[in-house]
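Here's the structure, in structure tokens; my notes come after.
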Amino acid sequence: MALPVVAVIGRPNVGKSTLVNRLCRSREAIVHDQPGVTRDRTYQEGFWGDRSFKVVDTGGLVFDDDSEFLPQIREQANLALAEASVALVIVDGQQGVTAADEAIAEWLRGQAVPVLLGVNKCESPEQGLAMAADFWRLGLGEPHPISAIHGAGTGDLLDRVISFLPATTDNEEVEPIQLAIIGRPNVGKSSLLNAICGENRAIVSPIRGTTRDTIDTTLEREGQTWKLIDTAGIRRRRSVDYGPEYFGITRSFKAIERSDVCVLVIDALDGVTEQDQRLAGRIEEEGRACVVVVNKWDAIEKDSHTMSAMEKELRAKLYFLDWAPMLFTSALTGQRVESIFAIAAVAVEQHRRRVSTSVVNEALQEALRWRSPPTTRGGRQGRLYYGTQVATRPPSFTLFVNDPKLFGDTYRRYVERQIREALGFEGSPLRLFWRGKPQRDAEREQARRLSRGG
């Protein structure tokens, strides 16, 4: 059963994201002393007492201005309210009632969702009650003095919040598959998320850096529960100023770390750039399953050979992701968007797959029959005795040999290719560890001692 939703609403810079982090005991929401940092609606899971719920953070509401992003922020707030069991309106107790607060109160009175009023920045218990009393005139019920930074009053507020939440069942929920949408700015990540969800889940704009928070969305596809993580566009480090964009990119890298599978979005018009290569390298380095999605395919003039020719060109530049399936999509038209889940589900399955030692060694013996290990100029030849899978996520193998130094990069890549050809693992990186046999080392040590007379 889906968790009930608590929507956090308010004008800019009243401390909504700070409160969300406090309620969810996290630091996921970006907090910065600058208006308009939060734009999309972002979700985190919170709990109080014996109740679990989702908290959705929204951008600062402004009704008398239609400049950059403000209409889209209002739309995101509307969508948050539509799914919420209760709206938590946050105001600034130190500033008192403002015209913007009154506009939000008037707007909320036309909504069907119950409303609770939290008066933030009331660090002093004595002065807090007096500061909160001024907000009775908004007509939103009792004002609750709180301090999001220090946590004062948040427990009493949560007691009121959970009283509005519907009862939940005790059914154990299956852990969702974490899918992170990764890419440079303006490759269409948020458009892709919106196309998947069938709604404006994220604000889309040609302006770089529109998405700042990581945006989590839970949905059902392919008989699985998925948590989609839309991330901020990742630019080169020297192009990023310290501030909201820096924090957004940091969270994007963390999204890669906590994901089961990454969807690396490439712009079909731009092709693979140096930054795309760096992101691909980061995904491989973290050992995550991956699907390469080439977006904006509708904008390419094509014939029957265009797709195969472009795939060959793209893979030549993404050679270290040669194991990742590639899909050509259009977020604008929806072309092949739903296919992402079927391909990603296979990649996740392969990422978690374990193969018996006997099957691994059948593949290794076949590789040895086709190509023997190299021999040094001194006549020493590498010997590959056996291998076994030692881990999953990603699949990892230890190969026992006479001396790892006798196996150069070329032969190691050959063995990995042969394992893939024999055993699959499409969509997942592999880890191969080359180990000298312990008994061989012991024999050498014993020979040394005998030669020394010991």
Side-chain angles (χ1 to χ4, degrees), residues 4-25 29 31-38 41 44 46-49 51 53-65 70 73-74 77-78 80-81 84-165:
V5 173
V6 178
V8 179
I9 305 291
R11 60 182 176 83
N13 267 31
V14 293
K16 298 185 297 300
S17 295
T18 303
L19 180 64
V20 168
N21 286 342
R22 168 69 62 179
L23 299 183
C24 299
R25 305 180 188 183
V31 177
H32 196 265
D33 188 18
Q34 174 184 323
V37 170
T38 302
R41 63 191 198 276
Q44 294 189 56
F47 61 92
W48 185 249
R51 303 299 304 276
F53 48 88
K54 283 186 178 178
V55 180
V56 51
D57 189 15
T58 61
L61 287 172
V62 178
F63 286 95
D64 59 355
D65 188 348
L70 293 177
I73 289 173
R74 291 197 293 269
N78 267 312
L81 283 182
S85 298
V86 59
L88 185 52
V89 183
I90 305 302
V91 293
D92 187 331
Q94 295 181 3
Q95 288 192 3
V97 178
T98 67
D101 295 327
E102 292 174 341
I104 293 171
E106 183 178 354
W107 171 66
L108 283 171
R109 281 192 285 270
Q111 306 291 327
V113 65
V115 174
L116 287 173
L117 179 59
V119 183
N120 193 27
K121 305 183 184 179
C122 294
E123 278 71 36
S124 168
E126 296 78 15
Q127 297 179 7
L129 290 172
M131 292 163 64
D134 186 39
F135 289 88
W136 277 102
R137 57 193 176 100
L138 290 179
L140 296 178
E142 180 185 358
H144 298 271
I146 61 171
S147 170
I149 290 180
H150 299 114
T154 54
D156 293 336
L157 183 60
L158 281 169
D159 287 339
R160 293 284 293 133
V161 166
I162 63 174
S163 69
F164 287 93
L165 303 183

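- The heavy-atom pair separating Leu129 from Pro145 by the smallest distance is CD2-CG, 4.0 Å.
- Looking at Arg22, its side chain does come within 3.5 Å of a backbone N or O of Ile149 through a donor-acceptor pair.
- A distance of 9.5 Å separates CD in Glu123 from CD1 in Ile146, rounded to the nearest 0.5 Å.
- Taking each heavy atom of Leu138 and Ala105 in turn, the nearest pair found is O-CB, 3.7 Å.
- Distance check: Ile104 CD1 to Arg11 CZ gives 7.5 Å after rounding to the nearest 0.5 Å.
- When all heavy atoms of Ala7 and Val56 are compared, the pair lying nearest together is CA-CG1, 3.4 Å.
- For Pro143, the side chain to side chain contact (heavy atoms under 4.5 Å, CB included) partners at least two apart in sequence or on another chain are Leu117, Val119, Ala132, Phe135, Trp136.
- Checked for salt-bridge contact, Asp57 and Lys16 miss the test: no charged N lies under 4.0 Å from a carboxylate O.
- Interatomic distance, Trp107 CH2 to Leu81 CG, rounded to the nearest 0.5 Å: 4.5 Å.
- With respect to Val97, the side-chain contact (heavy atoms from CB on, under 4.5 Å) criterion is satisfied by exactly one of Val91, Asp134, Asp92: Asp134.
- Here the closest non-hydrogen pair linking Gly128 and Cys122 is CA-CB, 3.8 Å.
- Of the possible donor and acceptor atoms, none in the side chain of Asn120 sits under 3.5 Å from a partner among the backbone N and O of Ile90.
- Judged purely by distance below 3.5 Å, without hydrogens or angles, the side chains of Thr98 and Asp101 pair a donor atom with an acceptor atom.
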In a table with atom names and distances, give each donor-acceptor pair under 3.5 Å that connects a side chain of residues 157-164 to protein atoms at least two apart or in another chain.
{"unit_1": "Asp159", "atom_1": "OD1", "unit_2": "Trp48", "atom_2": "NE1", "d": "2.7"}
{"unit_1": "Ser163", "atom_1": "OG", "unit_2": "Arg160", "atom_2": "O", "d": "2.5"}

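- Across Lys121 and Met131, no two heavy atoms sit closer than the pair O-CE, 3.7 Å.
- Counting heavy atoms from C-beta on, the side chains of Val6 and Leu23 never come closer than 4.5 Å.
- Looking at residues two or more places apart in sequence or on another chain, you find a salt bridge (charged side-chain N to carboxylate O under 4.0 Å, His left out) between Glu102 and Arg137.
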